[in-house]
Amino acid sequence: MADADTDDWTKARDAALLTKTVQEAGRLGLSMFRTELKNWIKGASSPVSEADIAVNDLLEQQLRSATPAYGWLSEESADDASRLGKRFTWIVDPIDGTRAYLAGREDWCVSVALVENASPVLAAVYAPVTEEFFFAARGQGATLNDSGVHATTGTDFNFPRMAGPKPLVQRLSPTSDEITLFPRIGSLALRLCRVAQGRLDAAFAGGQSRDWDLAAANLIVQEAGGKMTALSGEAIEYNRREVTHGVLVAAGRERHARIVEHFRNRPLP
């Protein structure tokens with residue numbers, strides 16, 4: 001079998017594996033949702049619950065057993081530096097939006113990407129409460145529940161259809177007295193997927209987001225005709241030693257270019 005054919009077969013196999021596993025993980029998270037759960041704080045202020053760990057264990061067992069040569073990077077697993085030498089690495093957030101999950105809100109999801117070298121090639125974001133399954137494969141478009149999604153076109157700054165930290169949005173129009181943001185979305189991955197499906201015209205991520213918050217949504221935005229980069233316009237690289245990122249913006253390509261240009265002329269302090 002030729003190398004290109006082998007790569008296509010492997011990608012199709014991994015896409016089916018990713019779809020099945022993320023949906024199963026979402027169902028597990030949903031089965032534990034709004035129940036009495038042990039939870040605690042890790043690091044300075046990040047909540048984690050036994051549901052995060054259970055979902056992570058399911059994802060790791062199924063994905064790693066099927067693809068033992070791939071690397072692994074998850075919010076809820078100890079980092080293994082061997083991932084840095086792998087061509088392919090799974091990047092996983094078992095429950096993105098743990099605060100929302102523990103509060104009984106709907107805006108949480110399971111987010112998993114397969115990264116080749118520094119770029120995502122497969123992505124799945126599943127919000128089981130609302131039954132939304134976003135999927136993308138590089139070069140093949142993005143879908144929500146098997147229907148194609150597309151980021152909005154145009155260049156206007158339409159404030160009710162933006163989301164993210166208010167100080168960032170205000171810097172787009174410092175003379176505006178009334179800026180109404182889209183209601184807060186507890187999961188960053190879902191916030192970015194709302195750009196891909198056209199419910200938001202743009203979304204920001206404040207500093208300190210990690211690979212697992214971003215990788216899957218990044219590909220979904222890209223395959224929906226949008227763009228997601230650092231505020232400078234620099235591309236985001238994944239599966240590096242440092243997995244923390246600065247301020248980011250996602251939008252349809254035309255609007256994204258205008259936002260990047262705006263901040264290039266008016267840099268953050």
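Ion pair D156/R255 flagged as a salt bridge, since at least one NZ, NE, NH1 or NH2 atom sits closer than 4.0 Å to an Asp/Glu carboxylate oxygen. A salt bridge is absent between E254 and K227; no separation between the charged side-chain nitrogens and carboxylate oxygens falls under 4.0 Å. Salt-bridge formation is detected for the pair D7/R87: a Lys NZ or Arg NE/NH1/NH2 atom is positioned less than 4.0 Å from an Asp or Glu carboxylate oxygen. For E261 and R258, the salt-bridge test fails: no basic side-chain N is under 4.0 Å from an acidic carboxylate O. One finds a salt bridge joining K42 and E75 here, because a Lys/Arg side-chain nitrogen approaches an Asp/Glu carboxylate oxygen to under 4.0 Å.
With side-chain heavy atoms closer than 4.5 Å counting as contact, directly or through intermediates, the hydrophobic cluster containing V115 also holds L73, I91, L188, L192, W212, L214, V221, M228, I236, Y238, V243, L248.
Using a distance-only test at 3.5 Å, with no hydrogens or angles considered, no donor-acceptor pair links the side chain of D96 to the main chain of D93. Checking side-chain atoms of R64 against main-chain N and O of G71 turns up no donor-acceptor pair under 3.5 Å. N239 places no side-chain N or O within donor-acceptor distance of the main-chain N or O of A118, the cut-off being under 3.5 Å. Judged by distance alone, with hydrogens and angles left aside, the side-chain atoms of R13 form no donor-acceptor pair with the main-chain N or O of D8 at under 3.5 Å. In this structure a side-chain-to-backbone donor-acceptor pair under 3.5 Å is missing from R194 to A202. Within the 3.5 Å criterion, the main-chain N or O of H245 finds no donor-acceptor partner in the side chain of Q208.
Every pair passing side-chain hydrogen bond (donor to acceptor under 3.5 Å, both in side chains) that includes a residue from residues 15-34 is listed here, sequence neighbours excluded: E24-Q62. Among residues at least two apart or in separate chains, ring-ring contact (aromatic ring centres under 6.0 Å, His included) pairs with a member in residues 113-132 are Y126-F133.
In this structure, W90 and Y70 have tilted ring planes: the angle between them lies in the 30° to 60° band. Note on ring orientation: taking the six-membered ring where Trp is involved, the planes of W108 and F33 are tilted (angle from 30° to 60°).
Linking Ile, Leu, Val, Met, Phe, Trp and Tyr residues whenever their side-chain heavy atoms come within less than 4.5 Å places V149 and V195 in a single cluster.
For S147 and N145, the side-chain atoms include no donor-acceptor pair closer than 3.5 Å.
A 4.5 Å side-chain heavy-atom check between T152 and R161 finds at least one atom pair inside the cut-off.
Between P267 and R171 the shortest heavy-atom distance is O-NH2, 3.0 Å.
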